[in-house]
Every structure is written in structure tokens, then in C-alpha cells.
Amino acid sequence: MSGETLVRLEGVTRDFARGDGVVAVLRGVNLEVAGGEMVAITGRSGVGKTTLLHIIAGLDRPTRGSVWVAGATLGALADRALARHRAATIGVVFQGYNLLEHLTVGENVMLPAVFRHNGKDVARERALDALDRVGLADRVHELPKRLSGGEQQRVALARAIFGRTAVLICDEATGNLDHGTGAEIVSLIDLMRREQGTAVIVATHDEALVRASDRTLRLELGRLEPGQGGMAP
């Protein structure tokens, strides 16, 4: 998939009702991201980066405009079909890990299998492979509370890459981590997109992620503009 366009946004807007009025958070966002490419999105806190990522991930729908991800126009999919497409093609890593505390590490990583209807044996094998990639295969039976913050973020990354997703979306994935652990997560994300041809979109304030990216875009006044940092595409 490397080099093939995997994400395309055209004229995406997102409005929210506030009091008696409407607040326009996104105002005509256009974006294309190819397989194997990593794009960093920067901007002030509260400017709408998370809203943009949620729309790309199919967790929110735009007010206007079109969103095309990994072969499907998201706006054309009903909720159930959208959930299946998201589980099969999109991995999301949040700043807060979003692990289920009553499930083991392995069970957390296997959650996408619920939507993909994978057999249990196949799901276990893929979960172990994903955990091995992030260096945590030996913690498969542990509960998340027994892991450090950095280890929990690596579990979240393993869940996101379960089944070799086409698109990886990271929302401040290193924001709660110390410098050394954050650097490990950056290296894992970079390795994944290079080895698997994954399209990676990160919203971040982390200079290490910006430097590792091919392009940097800044979200300002609801629109994406070229930003500073990153390597030339």
C-alpha cells in the first residue's frame, strides 16, 4: 500500500452548537495521506486537532465535506458498516491509553477481533505478534494496572496495529510519557509505517514526532496550513 493514497478529506467542516449559536471548529479542511507516510498535525490546545482525528477515524461525522479512508467514503456507511470498516482498517492510539482494566493485556489487544469476527486462535496469534512488536509478549496475561504508563501505551499501540491496519491515528500518543519512553513509542510508530506501509497521522506537541514525520501541518482557524519541521515528502 506504500505510496497509495489511503486518506483523503475534501472540504471538511465541523460545527458545534453552543448556546444560541454555532461554533465552526473545522472550516474546509483538505488533506491527503499516502501509505508509508507520516503526517504531524500541530496547533494550540483546543484548536480542533482531536475533532479532526475523530472524523478521520470515523468516530465523528463532519457537518459538511467528504472523508475517504482505505477504500471507503465514510459518510456513505451506516453506523454498523462504519464500525466494521473502522475495526478492519483504522487503528487509534489516544493519550489516555483507553484500556479496559478488567481485561488482560492480550484481551485488550484482541478487542478489534470482536468486530472483525476473527476466530479465537487467529486473534490470539495476531495479538501475540502485535505485543511482540512492541516488546510486551511476556505480559500478555497481566492486567493493565500492573503495567507502567509507557507499557500501557505500548499495549494501546499493539491494539491499534492488530491485524496490520492501513491507517494509524495517534492523538498526543506520547503526551503522558517521560522522554525516554516517548522516544520508544516514536520509534515503534516510525518502524510500523516503514515496514507495513501504514499511513500515520499524529496530532502532537512532541518535537520528536514532528521530526520523524514526512510533513507537518498546522491547524489554525479551522484550516490546515504547512507547518514547521518534519522531513520533505
Side-chain angles (χ1 to χ4, degrees), residues 1-12 26 28-42 49 51-62 64-78 81-94 112-113 115-118 122 126 129-130 133-134 156-171 173 185-204 209-219 223-227 229-233:
M1 289 185 182
S2 184
E4 173 188 355
T5 297
L6 292 177
V7 176
R8 181 183 300 116
L9 277 63
E10 296 180 349
V12 167
L26 302 178
V29 171
N30 299 303
L31 175 65
E32 285 196 11
V33 184
E37 183 181 20
M38 180 153 65
V39 175
I41 297 175
T42 65
K49 299 189 298 297
T51 296
L52 177 59
L53 294 191
H54 281 192
I55 287 173
I56 297 171
L59 299 171
D60 190 15
R61 295 185 184 263
R64 290 174 296 278
S66 64
V67 181
W68 184 93
V69 177
T73 301
L74 301 191
L77 300 178
L82 176 59
R84 287 197 298 267
H85 182 71
R86 182 170 61 240
T89 62
I90 304 170
V92 183
V93 181
F94 298 99
F115 296 96
R116 297 182 188 184
H117 305 293
N118 295 128
V122 173
R126 289 184 176 178
D129 178 65
R133 285 173 175 269
V134 301
L157 181 58
R159 181 179 59 194
I161 65 178
F162 178 92
R164 297 173 176 85
T165 50
V167 178
L168 177 64
I169 295 171
C170 302
D171 190 4
I185 297 298
V186 172
S187 295
L188 287 167
I189 293 171
D190 189 49
L191 180 65
M192 176 185 170
R193 59 103 171 200
R194 293 180 185 278
E195 285 189 345
Q196 300 181 19
T198 304
V200 181
I201 304 170
V202 297
T204 187
L209 267 174
V210 170
R211 288 194 300 271
S213 299
D214 298 299
R215 284 188 289 148
T216 302
L217 300 172
R218 182 173 180 82
L219 186 61
R223 293 184 173 85
L224 284 177
E225 302 291 345
M231 297 176 290

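Worth knowing before you read on, the calculation uses all heavy atoms, side chains too, and leaves out hydrogens, waters and symmetry mates.
The closest side-chain heavy-atom distance from Arg86 to Leu77 is not below 4.5 Å. Under the 4.5 Å side-chain criterion, counting only non-hydrogen atoms from C-beta, Leu157 is in contact with Leu168.
Pairing each heavy atom of Ala70 with each of Thr89, the nearest pair is CB-CB, 3.9 Å. Residues Ala158 and Val134 approach most closely at CB-CG2, 3.9 Å, considering heavy atoms. Taking every heavy atom of both residues into account, Val186 and Ala212 meet most closely at CG1-CB, 4.0 Å. For the pair Ile55 and Arg61, the tightest heavy-atom approach, listed with the atom from each and the gap, is CG1-C, 4.3 Å. Minimum heavy-atom separation, Thr73 to Trp68: OG1-CD1, 3.6 Å. Nearest heavy-atom pair, Ser66 versus Val12, reported as atom, atom and distance to 0.1 Å: O-CG2, 3.5 Å.
Residues passing the side chain to side chain donor-acceptor pair (under 3.5 Å) test with Glu10, sequence neighbours excluded: none. The side chain to side chain donor-acceptor pair (under 3.5 Å) search around Arg223 returns none, not counting sequence neighbours.
Checked by atom type and distance alone, the side chain of Arg193 never pairs as donor or acceptor with a backbone atom of Val200 at under 3.5 Å. No donor-acceptor pair under 3.5 Å is formed between the side chain of His85 and the backbone N or O of Gly71. The closest donor-acceptor contact from the side chain of Thr204 to the backbone of Ala40 lies at 3.5 Å or more, if one exists at all.
Screening Val202, Thr42, Ile41 for a side-chain contact (heavy atoms from CB on, under 4.5 Å) with Thr216, the sole residue that qualifies is Thr42.
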Point to revise | Test log, rule side-chain contact (heavy atoms from CB on, under 4.5 Å), inputs Leu26 and Leu219 | key: CA-CA 9 Å; Leu26 302 178; Leu219 186 61; 4.1 Å; yes
Review point. Does the side-chain contact (heavy atoms from CB on, under 4.5 Å) test come out yes or no for Ile56 and Leu31, once each step is laid out?
Key: CA-CA 10 Å; Ile56 297 171; Leu31 175 65; 4.1 Å; yes
**Study point:** Audit row: Thr165, Met192, side-chain contact (heavy atoms from CB on, under 4.5 Å) steps and yes/no
**Key:** CA-CA 10 Å; Thr165 50; Met192 176 185 170; 3.7 Å; yes
Practice item. Could you walk me through whether Leu9 and Leu224 pass the side-chain contact (heavy atoms from CB on, under 4.5 Å) test, one step at a time? Key: CA-CA 11 Å; Leu9 277 63; Leu224 284 177; over 6 Å; no
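Going from atom OG1 of Thr198 over to atom CD1 of Ile90 covers 12.5 Å, rounded to the nearest 0.5 Å. Between the CD atom in Glu195 and the CZ atom in Arg133 there is a gap of 5.5 Å [rounded to 0.5 Å]. Taking CG of Asp171 as the start and NZ of Lys49 as the end, the distance is 8.0 Å to the nearest 0.5 Å. Here the SG atom belonging to Cys170 is positioned 7.5 Å from the CG atom belonging to Leu209, to the nearest 0.5 angstrom.
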